[in-house]
Asks: 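Below you'll find the structure I mean.
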Amino acid sequence: MLSDSICRSDRATTHRYFSTIVLVAISFCSSSAFADDWTTLFDGKSLDGWKASRDNTQFTLSDGVIVGASSSQTQFLHTVEEYGDFELELEVKLHDPDLNSGIQIRTGLTRTNDAGKVRPSVHGPQVDIGKSPGRSGHLFNQGNGAWITPQEDLTRNELMVNGEWNKLRVLAVGPRIQTWINGKQVADVADDEAYAKYPSGVIALQVHGVKKSPEKARHVSFRSIRVRKFQSKTNE
């Protein structure tokens, strides 16, 4: 009976189902058997291990949290170390509902033009953060002007609690990236093209630029940031 049912199923549906099972298995094996210990990226005492993009001064340490203040340009505070397969946990709080933010993962810091000239440019996968209801938790391709989350899955949610601390979790294993906000899953995307371009890179905190920046800056805060790496290959 089961064999007959499989044979009658649509080939495309079967392929998608099989791919999902394989990705789940890879994620499960990596997180249970091949995960490193957790590493604290921010202990509330210093910004050691972090660097501001373009040497901006928009990020400061205040009362044990990282505070990002808006300016006319989008700015980033990124890790010195790069990460490929990993699990990331942190807490984020948007103090102002008219400010967007995000968490960059596997992100590049420069681009090279056809003439071989290198210029600063933060680009790569980003976990979107904004007011609720919104698209927080979905994946945007920063610097490339497109969403990684497929349009049919790009639904608005109310998982972010406005003006409060929210817990964000990101699991990136191979081409598959999953996100959670306050324990509820948002994105589950496997994008081979994005993975080919961005297999590894820095983790970065974003404070979005505010056009016609008001006299009073907008703020976003981050705390309790930790990460653990996964081995890229299973043991033979």
Side-chain angles (χ1 to χ4, degrees), residues 41-42 46-83 88 90-132 134-149 154 160 162-163 165-166 168 170 177 179 181 187 194 197-198 200-223 225:
L41 291 182
F42 173 63
S46 76
L47 294 178
D48 291 346
W50 296 84
K51 187 179 186 304
S53 64
R54 300 175 180 169
D55 296 324
N56 73 78
T57 59
Q58 304 307 121
F59 293 88
T60 57
L61 179 60
S62 177
D63 296 326
V65 303
I66 297 173
V67 180
S70 67
S71 64
S72 59
Q73 290 187 317
T74 298
Q75 304 286 7
F76 302 88
L77 182 71
H78 65 83
T79 58
V80 174
E81 187 171 351
E82 294 190 355
Y83 298 86
L88 173 70
L90 72 152
E91 293 182 17
V92 58
K93 178 180 180 180
L94 277 173
H95 299 267
D96 301 280
D98 57 348
L99 176 67
N100 290 343
S101 182
I103 307 297
Q104 295 291 139
I105 61 172
R106 294 174 170 173
T107 287
L109 298 174
T110 61
R111 290 186 191 270
T112 304
N113 63 20
D114 294 338
K117 185 176 180 179
V118 179
R119 63 179 177 85
S121 176
V122 176
H123 57 103
Q126 178 194 111
V127 182
D128 190 66
I129 296 173
K131 69 177 181 179
S132 187
R135 292 174 173 175
S136 295
H138 285 296
L139 299 167
F140 184 71
N141 203 339
Q142 173 69 31
N144 297 302
W147 288 94
I148 296 175
T149 298
L154 197 57
M160 286 280 291
N162 294 328
W165 285 103
N166 295 270
L168 179 67
V170 182
I177 301 174
T179 67
I181 295 177
K197 292 181 179 179
Y198 301 102
S200 65
V202 300
I203 293 170
L205 314 177
Q206 182 205 62
V207 56
H208 203 280
V210 178
K211 293 181 179 180
K212 297 182 180 179
S213 187
E215 293 182 4
K216 181 181 178 181
R218 273 53 175 154
H219 295 89
V220 56
S221 294
F222 307 89
R223 70 181 184 186
I225 309 173

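Numbering starts at 1 and runs along the sequence shown. Please read these numbers as outputs of a predicted model, since none were measured by experiment.
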Asks: What I'd like to find out is whether the side chain of Ile103 reaches to under 4.5 Å of the side chain of Phe222, using heavy atoms alone.
Replies: yes

Asks: Should we count NZ of Lys51 as having more than 12 external heavy atoms under 6.0 Å?
Replies: yes

Asks: Does a side-chain heavy-atom distance below 4.5 Å link Tyr198 with Asn141?
Replies: yes

Asks: Between the side chains of Gln142 and Gln126, is a donor N or O closer than 3.5 angstrom to an acceptor N or O?
Replies: yes

Asks: Quick check: closest heavy atoms across Thr149 and Ala187, and the distance to 0.1 Å?
Replies: OG1-CB, 4.4 Å

Asks: Which atom names give the shortest non-hydrogen contact between Ser70 and Val210, and what distance separates them?
Replies: CB-CG2, 3.6 Å

Asks: At what distance, to the nearest 0.5 angstrom, does NE2 of His78 lie from OG1 of Thr107?
Replies: 10.5 Å

Asks: Does some side-chain heavy atom of Ile66 sit less than 4.5 Å from a side-chain heavy atom of Ile225?
Replies: yes

Asks: To the nearest 0.5 angstrom, please state how far the CG atom of Leu47 sits from the CG atom of Leu41.
Replies: 12.0 Å

Asks: How long is the span from the CG atom in Asn100 to the NZ atom in Lys131, to the nearest 0.5 Å?
Replies: 9.0 Å

Asks: Supply the atom-to-atom distance Ile129 CD1 to Lys93 NZ, rounded to the nearest 0.5 angstrom.
Replies: 14.5 Å

Asks: Any donor and acceptor pair, going by atom type alone, linking the side chain of Arg54 with main-chain N or O of Ala52 inside 3.5 Å?
Replies: no

Asks: Report yes or no: does Asn144 contribute a side-chain atom to a donor-acceptor pair with the main-chain N or O of Ala146 at less than 3.5 Å?
Replies: no

Asks: Once you round to the nearest 0.5 Å, how far does CD of Gln58 lie from CG of Leu205?
Replies: 13.5 Å

Asks: Has Asp63 got more than 12 heavy atoms of other residues, nucleotides or ligands less than 6.0 Å from its CG?
Replies: no

Asks: About how many Å separate CG of Leu139 and CD1 of Ile177, when rounded to the nearest 0.5 Å?
Replies: 5.5 Å

Asks: Listed by chain and number, what are the ring pair (Phe, Tyr, Trp, His ring centres under 6.0 Å) partners of Trp50, not counting sequence neighbours?
Replies: none

Asks: Closest heavy-atom contact between His123 and Gly143?
Replies: CB-CA, 4.3 Å

Asks: Once side chain to side chain contact (heavy atoms under 4.5 Å, CB included) is applied, do any residues pair with Arg223, and if so which ones, sequence neighbours excluded?
Replies: Val65, Glu91, Trp165

Asks: Donor-acceptor pair, Thr179 side chain versus Gly137 backbone, under 3.5 Å?
Replies: yes

Asks: Considering all heavy atoms of both residues, which atom of Ser136 and which atom of Gly130 are nearest to each other, and what is their separation?
Replies: OG-N, 2.8 Å

Asks: Are Val202 and Val80 packed together at the side-chain level, in the sense that at least one heavy-atom pair is separated by less than 4.5 angstrom?
Replies: no

Asks: Side chains of Ser221 and His95 only: does a donor on one sit below 3.5 Å from an acceptor on the other?
Replies: yes

Asks: Under the side chain to side chain donor-acceptor pair (under 3.5 Å) rule, collect the residues that match up with Asp48, sequence neighbours excluded.
Replies: Ser46

Asks: May I ask you to decide if Gly209's main-chain N or O and Thr74's side chain share a donor-acceptor pair within less than 3.5 Å?
Replies: yes

Asks: Do Trp147 and Asp128 come close enough that some side-chain heavy atom pair is under 4.5 Å?
Replies: yes

Asks: Against Val207, only a single residue in Leu99, Asn56, Leu77, Val67 fulfils side-chain contact (heavy atoms from CB on, under 4.5 Å); can you say which?
Replies: Leu99

